[in-house]
Every structure is written in structure tokens, then in C-alpha cells.
Amino acid sequence: MARLMLEDEADFVVVGTGAGGATAARVLAGAGHSLIMLEEGPLLKTAERPKELIHAMRRAMRDFGTFTTRGMHPFPLLQGRCVGGSTAINSGIIWRTPEDVRRDWIDNYGLEELVEEKGLDRAFDIIEDELGVVETAEEISGNNALRMKMAAQKLGLPGKAMARNAKDCEGRGECLQGCPGEARQSMDVSYIPRAMRDGARLHTLCRAMKVRIENGRAVGVEGLVLDRDTRKPVGKFFVRARRGVIIAASVVWTPVILRRSGLRGLVGERLQLHPGSAVVGRFPEPISMGTGATQAYEIPMRERGFKIESLTLPPEMLATRLPGAGPAWQKLLTDLDHYAQWASIVRMKAHGTVRPAFASHDADVRFTPLDRDLKVMREALATIAKLMFAAGATEVYPGIARIPQVLTDPSQVRLIEELDLTTADIHMMCSHLFGTAVAGRDAATSVVGPDLQAHDVRDLYVMDASVFPTNMGVNPQHTIMALVWRAAERLAERARAAA
Amino acid sequence: MKLLALERKNVHAILEAFAPHTATEGLVPQKDEVDYVEAYEIIADSSTDRARIGVRAALWMAMLAPMWMGIALCTMASLPIMDRARIIDRMLASNTFIVRELTLLLKIGAAFALMGSRSVRARSNYDRNAVKRPSDPIVLRAPVRERPQVSLPLVARTSSPGVV
């Protein structure tokens, strides 16, 4: 490894440029503080982002989406690894914190000052205004979503158009590859440029390894500089923070950095997830999944513990999702414009853990769904299958082992409902993660306080979904941003007063 | 990932068998229209260390499938393409989780290779009714494999390879 050291210094150092880190940078730089953002991935300018899925995933997604939980039946945890983090690959879905979650965080975790209603609503209002949050219009929703709407109405389910931070969306279905018109306000095209206009500096290809702590106070971040192509370390860096270090490296990597820095206790505990699985349906008429917003319609069923979303698949993934191999598969591949895919996300009750992996830079993530969680997943998948038939699908591909791979009649949905579903039967993946550095008033049951400062280390803050005491049952990006907005505003005020 | 000659031969033989060029109906790629080995290598090279082991294990499992399935004493590459397709189809439907999952990894490689070919993607009709927008740019498509980017040199103090 090259011995060359990169050194820099600012009031605040922010690790991670996803929803949490970028919002912290936006607020603190906007308040006039000098700030350095550290990002492990590269900066991918919109025009340079490859449209071919294989290259798009290689460049923007962590490990091509192959980073998984450990155990007998692992499943992928999808994360962005570029400037903007996962906001650069997601669909920009916006949900305010549900009231029951907000109340729970106040009543059981003492987070009144962080999530009090007026203050939180004010943060939501500002963010929605700045990022152009609107409900997805029918004209750009695409048939994949409109079919779901039709089916939801038929079955009397509570569907709605998704709110997204993509006011000028043209419905290109290329969120994952990077919105070509920059309509989706991912952090790389919104808060990060804005923070930089306010004087923030951005160091890319810098993997934070640990926080340097002196006399009980965070004074900077140490790490490795990576090669752009091989991702192998080529140097080291140390960035000094005069007023505070903010870790916003995601629910997986934040606890890894904190543990490497010597923090223990509940760091890495209470990992919670919204794993998802999907069902594909074949229709007699063209659906043209590639035309329309990547995600546009949803059926929130929080009281049942799941949510159903329309989810456009690029042809590579759609082909993978169709059953079989050889001539039977080839027959299905000739009409790729005749398929729809809808996914479920389940608010699982199980708790997992995250630890630094032994003798590597990797993370060790353990998560095993409870029986109750799998029952909810089964209900969600059966509901999607019913919706598919209600929408006019002639064939439904549930993607579940031990039942037929092709369902051709609505009565066959009972095969899903009656199955004693196990984790070996389905393909799950997950992009909504929570916990691992939980916020709370009581230092014995949390890692950071209501101001998101670590209980054990002064001037060390965690500002991402790691601080969520529970999972939410809805998409977390907006709540991450609003919580961070409020915590960062207070931090900026305190720093100004101290100066 | 560096592939042995035997592995390279079998990657092609296995992945092309997902959609045999000898099929008479459906989406039939022409022989050598699709670069399967390249897709496999990109996926393997971009994966975590653990997933890379899985991708390689999948290759060896499929490569030796004719033997452990009691079909023939040879590797997949020695079998006619339709026989390979039948074996893969059986593996995808296996009751054993690990067999099914590793075969799915190979199917992902085959699907990425197939749909990564512009001509094959066009014949899949995925884009048949795609709406053209006035602001659609004229796209000069990148070659299948991106040209490797030159690493920026390290610069000492207050700068990094990716400093912006």
C-alpha cells in the first residue's frame, strides 16, 4: 500500500453521503460551518453513469448487490456505493414518519425533543419543498403501476400513488441507473452540490475505518484511500474534526466503524429490516414495464405488517425472474413487454446483529426472520398473486419453492396461503435497514442520545437510520432526513454559540 | 477473477445452455451473439469475496453436474447443448436450497449477458412500446466492456484521488 497520507481539517467531518450524511452537510454547511464529506464510492456524474445494467450496478451498487446476510439462507442487502449513497439508486419514495411510530419513539425511547410533532413537520415541509416531493402523476406512472391501481380498486385495498422526490419525472424507469434528467433529487444532485456551494469539501474513494478518540472526545476520522477501479487500498487518510464527527455510513457500516473505534454496548445490536420479495405476472396485453416511473403505486397495509409496491424490472432482472431454463424459458423471453412485477416489503419483528468481520474489511450481518415474519411475508405474496389475477394476469410466477412455478388460476393462490413458508422457499432482498446504533434517553438501552450524540464519546454523532429505535413499515429516507435535519440544526446552533 | 481454460470453456457452455442457440422457438440467440464469459467475469469481479466463492462454486457444481447427477462421466462442456439445458432446468427446480441458489447465480449471469446484447434485447420486445420523449438524448452506447479508467494519482495533503 502507498504510504502517502491524505490530511485535511474542518469544523465537522461527515462519513457517508447518503440521505443522512448529505442532509447533515446541507444543514451544517448552510449554517456556515466548514465541513468535509467522506465517501467510500466514486462521484458518478449523471452523464457518465452507464445505462447498461451490468455496468450501472458495478459502478453504483455495493458489490454488485451481492453483499448478503450470513447464515443458512442469506439474502442480499442492497446499498449504493457512490456519492449519494442509496439515494442514487433508489426510487425516491417519500413517507413521513407514521404517527404510531413517532409516538412509540417518544413514549418508549424518550425522543420527544427529536420527533416532537411541530418540529418534525417543519423539517418535512422544508425537505419536501427543497426536493420537489409530489405524488406520481398517472401520465408517467406506466402500466405496471396502473394495473396495480386497477387491481387494488377491484379488491378494495387501500392503494395510492407514491409520493416521490421527483417533480419533473418523465417516467423513464431508470432510477437504478441514475435518473437521466436528474428529476429524482438523490443526494448527489441536490444536497451535496448545495453543501459544496456553501463551502463543504468532498473526498471520494475514502473508506472510513475508525474514529480517532482522544480524552473521550472524537477528534477525527482515519481510513483508507481506494483505487477507483480495483477498490483496493492505495493510501491512508486522516481528517481532523474541530467540532464534531458525524457517522452516517448506513445501518451496516456505521456500527462497524463505531466498533472499530472502540465503542461497544449496544453498537451493532437490534438490527431490524424490511425484507422484500416479488411476484411476476404475465398479461395478454402489453404492460411495457420499461415505460413509466420505476415505482409509482403502493398499497400500504401497515396493520397487516406489509406494504406492496409496483416495481419496474430492467430486462436483465425480469429474465432472471421468469421460471425455468432452456426452450421453456426462451418462450417466455420473447414478450418481455407483457409482464408486471409487484413487490412486498415486510415489517419484520426479528432482531439481528452487525459486527466487523474477522480479519477483513467486511461486515458480518446476522438476521433470521421469525416464524411470524414469514407468515406475514406469505400473506403479502398471496395478496400480490390475488392482485395479479384481479388485474387480468393469465399466468402468475410466485417465485416460491415447493409450489408450482406457474399459477394459472386464482384458486391456486391457496397453495401459497397453505404453505408452511420457510426462508429456503423464497428469494428475499432488503434495502430498508434500521437500528444498530439506537437513539434513546437511557444510556443503558441506547447508543446515542436524543441529540444523536454518542452517550460514551463527546462530539461523536450518528446521523442515519442506525439511530431508529424500531423499524417503521414504510420507506425510511424521509424520516432519516428529517431527524438528521433537526439534530444538525441544533448541532449548528450549539457550535455557533460555542464559537 | 482469473479463470482456468477448463473453467472458461464451461462458463460459456453452461451459460449459453440457458437459452440454446439450437432452439426452434422463443428468444433464440445466434451462436456467438452473446459474450457469456465476460458477463460472468464482471459479476464475479464486482462481488464480495464471499459471493465470488459462491459464483465459482456454482460454476464447478454445474460443470460437474453430469457426474453427480449420474448422467455421464464428463463435464457439462462435453454434452450437447440441449442436454445441458435439461440438466440446468433440473438444477433450478432442485429441492436442495444450495443447488437451486447456485444455479440461480448462473442464471443471473446468463440473463445479464443475453439482455446486455442490444440485438437480443431488441428481440425480447422489452422496449417494443417504449415511449420516446422529446428530451431523449442521442445515445452513443458504451462498448460491452467499459474501458478501464486510469487511476488518479494520489496527491498529498488536503486532496484525495476523488477530491471534488
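What you see below is based on every heavy atom in this structure, not just the backbone, and it leaves out hydrogens, waters and symmetry mates. Within every chain, numbering begins at 1; the chains are lettered A, B, ... in the order of the sequence lines, protein sequences first and strands thereafter. On a predicted model such as this, the values are computed, not experimentally measured, just so you know.
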Is it the backbone or the side chain of B:M82 that comes under 4.5 Å from a heavy atom of chain A, or both, or neither? side chain

Between B:K107 and A:P323, the two heavy atoms sitting closest are NZ-C, 3.7 Å

Contact summary for A:R231 and B:S46, nearest pair of heavy atoms: NH2-CA, 3.4 Å

Heavy-atom distance under 4.5 Å to chain A: side chain of B:V28, backbone, both or neither? both

CG on A:L333 to OH on B:Y126, rounded to 0.5 Å: 13.5 Å

Report the residues that fulfil salt bridge (Lys or Arg N to Asp or Glu O under 4.0 Å) with A:D335, sequence neighbours left out, ordered by chain and then residue number. A:R282, B:R128

Working to the nearest 0.5 Å, report the span between CD1 of B:I42 and CZ of A:F64. 8.0 Å

For the student: nearest non-hydrogen atoms of A:G326 and B:A85, plus distance: CA-CB, 4.0 Å

Heavy-atom side-chain proximity of B:L27 to A:T334 below 4.5 angstrom: yes

Under a 4.5 Å cutoff for heavy-atom pairs, which residue among A:V83, A:L53, A:I287 has the most contacts with chain B? A:L53

About how many Å separate OG1 of A:T320 and CG of B:L104, when rounded to the nearest 0.5 Å? 7.0 Å

Take a 6.0 Å sphere around CE of A:M429 and say whether it holds more than 12 heavy atoms from other residues, nucleotides or ligands. no

Out of curiosity, B:E101 CD to A:H427 NE2, how far, rounded to the nearest 0.5 Å? 3.5 Å

Contact part of A:M61 toward chain B, heavy-atom cut-off under 4.5 Å: side chain, backbone, both or neither? neither

Student check: side-chain heavy atoms of B:M115 and A:I54 closer than 4.5 Å: no

Roughly how far, to the nearest 0.5 Å, is OG1 of B:T48 from CZ of A:R62? 11.0 Å

Is chain A contacted by the side chain of B:F97, its backbone, both, or neither, given a heavy-atom distance below 4.5 Å? side chain

May I ask you to name which of A:R402, A:E39, A:H338, A:H73 has the most heavy-atom pairs under 4.5 Å with chain B? A:H73

Evaluate whether atom CG of B:L4 has more than 12 neighbouring non-hydrogen atoms of other residues, nucleotides or ligands under 6.0 angstrom away. yes

Those residues at least two apart in sequence (or on a different chain) that pass side chain to side chain contact (heavy atoms under 4.5 Å, CB included) with A:E182 are A:T46, A:V189

Under 4.5 Å from any heavy atom of chain B, what part of A:L318 do you find: side chain, backbone, both or neither? side chain

Look at B:I108, B:I88, B:V120 and state which one has the largest set of heavy-atom pairs under 4.5 Å with chain A. B:I108

Portion of B:R84 that has a non-hydrogen atom of chain A nearer than 4.5 angstrom: neither

Of the listed B:A23, B:A113, B:A19, the one with the largest count of heavy-atom pairs under 4.5 Å with chain A is B:A19

Among B:A17, B:P20, B:P29, single out the residue with the greatest number of heavy-atom pairs under 4.5 Å to chain A. B:P20

Please state whether the side chain, the backbone, both or neither of B:R90 comes within less than 4.5 Å of a heavy atom of chain A. neither

Could you tell me which portion of B:I81 (side chain, backbone, both or neither) has an atom closer than 4.5 angstrom to a non-hydrogen atom of chain A? neither

Atom CG in B:D45, atom OG1 in A:T230: separation rounded to 0.5 Å? 11.0 Å

Checking the side chain of B:D89 only, and the main-chain atoms of A:A325 only, is there a donor and an acceptor separated by less than 3.5 Å? yes

Would you mind checking which part of A:L313 comes under 4.5 Å of any heavy atom in chain B, side chain (CB onward), backbone (N, CA, C, O), both or neither? backbone

Could you look at A:P42 and say if it's the side chain, the backbone, both or neither that has a heavy atom under 4.5 Å from chain B? neither

